[in-house]
Number of protein chains: 2
Amino acid sequence: MDSAPPVPPSSPPSSPWLPFESRRRARDEKREAVLRAAVQLFLEQGYHRVTLSEVAERLNITKPALYNYFRGKDEILFECWSMGAELVDSVITEINAGGGSGLAKLRKLVHAYAGLMATDFGASLVRFDLRDLAERNAAVARAAKKRIDATFRRYIAGGIDDGSIRPCDPKLAAFAIAGALNWIGHWYQRDGGLSPTEIADEFTVRLTEGMATEGRQQTTKKTPRVPKGRNSGRKTTGKKRTGGGTR
Amino acid sequence: MDSAPPVPPSSPPSSPWLPFESRRRARDEKREAVLRAAVQLFLEQGYHRVTLSEVAERLNITKPALYNYFRGKDEILFECWSMGAELVDSVITEINAGGGSGLAKLRKLVHAYAGLMATDFGASLVRFDLRDLAERNAAVARAAKKRIDATFRRYIAGGIDDGSIRPCDPKLAAFAIAGALNWIGHWYQRDGGLSPTEIADEFTVRLTEGMATEGRQQTTKKTPRVPKGRNSGRKTTGKKRTGGGTR
DNA sequence: ACTTTTTCTTACCCACGGGTAACATATCGA
DNA sequence: TCGATATGTTACCCGTGGGTAAGAAAAAGT
C-alpha cells in the first residue's frame with residue numbers, strides 16, 4: 001500500500017491510513033462532545049440531578065450509546081474534571097518554562113487561573129465532588145490538586161527567597177489566594193456583567209498587592225472599567241500581559 | 001434526662017407549665033441532635049450519599065422517627081444550613097452594634113467568619129448545594145447569602161468613604177475576600193495542624209493588609225485581634241516550607 | 001455483494017432510598 | 001387508673017436512574 005503520510009493536499013482516494021485516522025478522530029470528537037454536554041449539565045443542575053438519559057438526549061442519542069465511550073457516569077465526571085486539570089497543568093508548565101521572580105510567576109498563575117475558573121471545565125475543577133469518583137480516579141484527582149496547591153506555595157516561597165515577596169506563611173497565603181480564585185468558579189456566570197478578563201486583571205492586583213516587597217504601586221485607578229492598557233507605573237510586574245497564555 | 005429547668009426557687013410540685021416547657025425543650029433538643037448528626041454526616045460523605053437510615057442509626061432510632069421532627073430530607077438540610085446562617089447573622093449584628101471604621105468592621109467580620117468556617121454548621125453554609133432544597137427554602141437561603149455578601153460590600157464601601165480603605169471595587173474585593181474565607185470550609189479539618197484561631201488571625205491580616213490606607217509597616221506588630229501571648233514581633237512562619245507540624 | 005466491526009436502539013433488570021401506613025409503646029394530664 | 005397525645009417501630013410501597021442484553025443499522029473492509 002502506498003502509505004500516504006499526513007495527507008498531502010492531493011491525496012488519492014486510496015489512502016488506507018486516512019480513513020483509520022479520521023475514524024479515530026471522529027470517535028474522539030464524539031467523546032469530547034459528550035464531555036462538553038455533560039459538564040454543562042453537571043454545572044447547571046448538579047451531578048446527582050443529571051441523568052445519563054438527559055446527557056444523551058442533548059446529543060440526540062440514547063443513554064446506552066454513551067457506554068460506547070465511557071464505562072459509567074462517574075467516569076464521565078472524572079474526564080470532565082481531567083479536562084480542567086489539564087488546562088491548569090499546561091498553564092503551569094508554560095509559566096515554569098518562562099522566567100521571572102516568584103512574584104511575577106505567582107501573578108501569571110493567578111491571572112491565568114482566574115480566567116480558567118470562568119470556563120466550564122475550569123469550574124468543574126472546584127465544583128465537582130471528588131467523592132463521586134471511583135476511588136482510583138479520586139486518587140488521581142487528589143494528586144493533581146495537591147500538585148496545583150504545591151505550585152502556588154512554591155511560587156510564593158520562591159518569591160520570598162528572591163525578595164520579591166514579603167515574608168509570610170506560604171501555606172496559608174496559598175490557601176487564601178487559591179480560595180479566592182476557586183470561588184470564582186462558584187459565582188461567575190457568563191451574563192453577569194463582569195468579563196473574565198476584568199476579573200482576572202482585578203484579582204491579579206488585589207490578591208498580590210499586599211505581599212509585594214516593592215513600593216506599593218499607586219492607588220488603583222478609580223476607573224470602573226479597566227482599560228486593558230498599560231499599568232500606570234513603569235513596571236508593576238515587569239512582564240507583558242499573559243493574555244495569550246491560555247490557549 | 002432530668003435536666004432541671006431554670007426553676008423558680010419555690011415552685012410547688014404542681015406547676016403545669018413546667019412539664020410542658022420541659023417537654024418542648026426535650027423535643028427541641030432532640031431536633032437539634034438530629035441536625036448535629038446530620039450535618040456531620042452530610043459534610044463527611046456528601047448529602048446524596050447519606051441515607052436517612054444512616055442518620056437515624058447514629059441516633060439509635062429508625063428512619064421514620066425522623067419524620068416526627070422534619071418533613072423530609074431536604075428540610076433537614078435546610079435547617080442545618082440555617083443554623084450556619086444564624087451564626088453569621090448574629091456575628092454581623094454584633095459588629096453593626098459596635099463602632100469603628102469600615103476597615104475595622106471588615107476585619108472583625110473576616111476574623112469571625114473565618115472562625116465559623118471551621119465549624120460544622122458554618123461549613124455547611126458553603127458546602128451544601130442550595131439546589132437540593134425545596135424552592136421555597138432555596139429562596140430563603142439565597143436571600144440570606146445576598147445579605148451576607150451585601151454586608152461585606154457595605155463595610156468595604158464604608159471604609160473607602162471614611163478613608164480607612166483605599167479605593168477599589170467593593171464588589172470584586174468582597175468576592176475575593178469572601179471567596180478566600182468560604183474556601184476554608186472546604187479544606188479545614190480538625191486534625192490538620194492549623195487551629196481555627198491561627199487561621200482567623202492570619203487571614204484577617206492577609207486579606208486586608210493590601211487595602212488599608214494606613215501606612216504599611218509589616219511584621220504585623222499590631223495584630224488587630226486576639227492577642228495570643230506568645231509570639232513576639234516576628235510572625236510565626238518566616239519561610240519554612242511545608243509548614244508541617246505548625247501547631 | 002459479502003462479511004465484519006462499530007455504533008446505536010429498544011426493552012428490560014433491579015438496587016437503592018425517600019416516604020408512608022399501620023401498629024406498639026411511652027408519657028402526660030386528669 | 002384511664003384516655004389522649006406524642007414518639008417510635010416494623011413492614012411495605014414505588015419512582016428513579018444506572019447499568020445490561022440482544023439485536024438493528026451503519027460503516028468499513030474485502
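To find a chain, count down the sequence lines: A is the first, B the second, and so on, and within it residues start at 1. A quick note: this is a predicted structure, and the numbers were derived from the prediction, not measured.
Remark: A/Tyr47 OH to A/Asp129 CG distance equals 10.0 Å, nearest 0.5 Å.
Put simply, the side chain of B/Glu57 does not reach to within 4.5 Å of the side chain of B/Lys63, judged on heavy atoms. Within the 4.5 Å cutoff, the side chain of B/His111 has heavy atoms near those of the B/Asp201 side chain.
Every residue was checked against the ring pair (Phe, Tyr, Trp, His ring centres under 6.0 Å) condition with A/Phe78, not counting sequence neighbours, and none meets it. Partners of A/Tyr69 under the ring pair (Phe, Tyr, Trp, His ring centres under 6.0 Å) rule, at least two apart in sequence or in another chain, do not exist in this structure.
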Worksheet item: In B/S/- notation, 5' to 3', how is nucleotides 10-15 of chain C contacted by protein heavy atoms closer than 4.0 Å?
Response: B-----
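Side-chain N or O atoms of A/Glu94 include none that pairs as donor or acceptor with a backbone N or O of A/Val91 at under 3.5 Å. The main-chain N or O of A/Leu133 is never found under 3.5 Å from a side-chain atom of A/Asn137 such that the two would form a donor-acceptor pair. Counting only distance, with no hydrogens or angles, the side chain of B/Arg127 and the backbone of B/Leu43 share a donor-acceptor pair below 3.5 Å.
Per the geometry, NE2 belonging to A/His48 stands 14 Å off C1' belonging to C/dC16, to the nearest Å. Distance A/Glu54 CD to D/dG18 P: 9 Å, rounded to the nearest Å. The separation between B/Arg49 atom CZ and C/dG18 atom P is 13 Å, rounded to whole Å. If you measure from atom CG of B/Asp28 to atom C1' of D/dA6, you get 14 Å, rounded to the nearest angstrom. Distance, B/Glu29 CD to D/dT7 C1': 16 Å, rounded to whole Å.
Note on A/Asp169 versus B/Arg206: no salt bridge recorded, every NZ/NE/NH1/NH2 to OD/OE distance being 4.0 Å or above. A salt bridge links B/Arg36 and B/Glu32; the closest N-O separation between the charged side-chain nitrogens and carboxylate oxygens is under 4.0 Å.
Residues from residues 32-47 of chain A with heavy atoms under 4.0 angstrom of DNA chain D: there are none. Of the residues in residues 128-140 of chain A, none lies under 4.0 Å from DNA chain C by heavy-atom distance. For the contact set between residues 65-83 of chain A and DNA chain D, defined by any heavy atom under 4.0 Å, the members are A/Tyr67, A/Gly72, A/Lys73.
When heavy atoms are screened at a 4.0 angstrom cut-off, A/Val55 is found touching no nucleic acid atom at all.
Ring geometry for A/Phe203 versus A/Trp187: interplanar angle of 30 to 60°, hence tilted. Classification of the A/Phe152-A/Tyr113 ring pair by plane angle, with boundaries at 30° and 60°, yields perpendicular.
Judged by the 6.0 Å and 45° rule, A/Lys108 forms no cation-pi pair with A/Tyr155.
The side chain of B/Lys30 contributes no N or O atom lying less than 4.0 Å from OP1 or OP2 of D/dA6. Look at A/Arg27 and you won't find any side-chain N or O under 4.0 angstrom from OP1 or OP2 of C/dT6.
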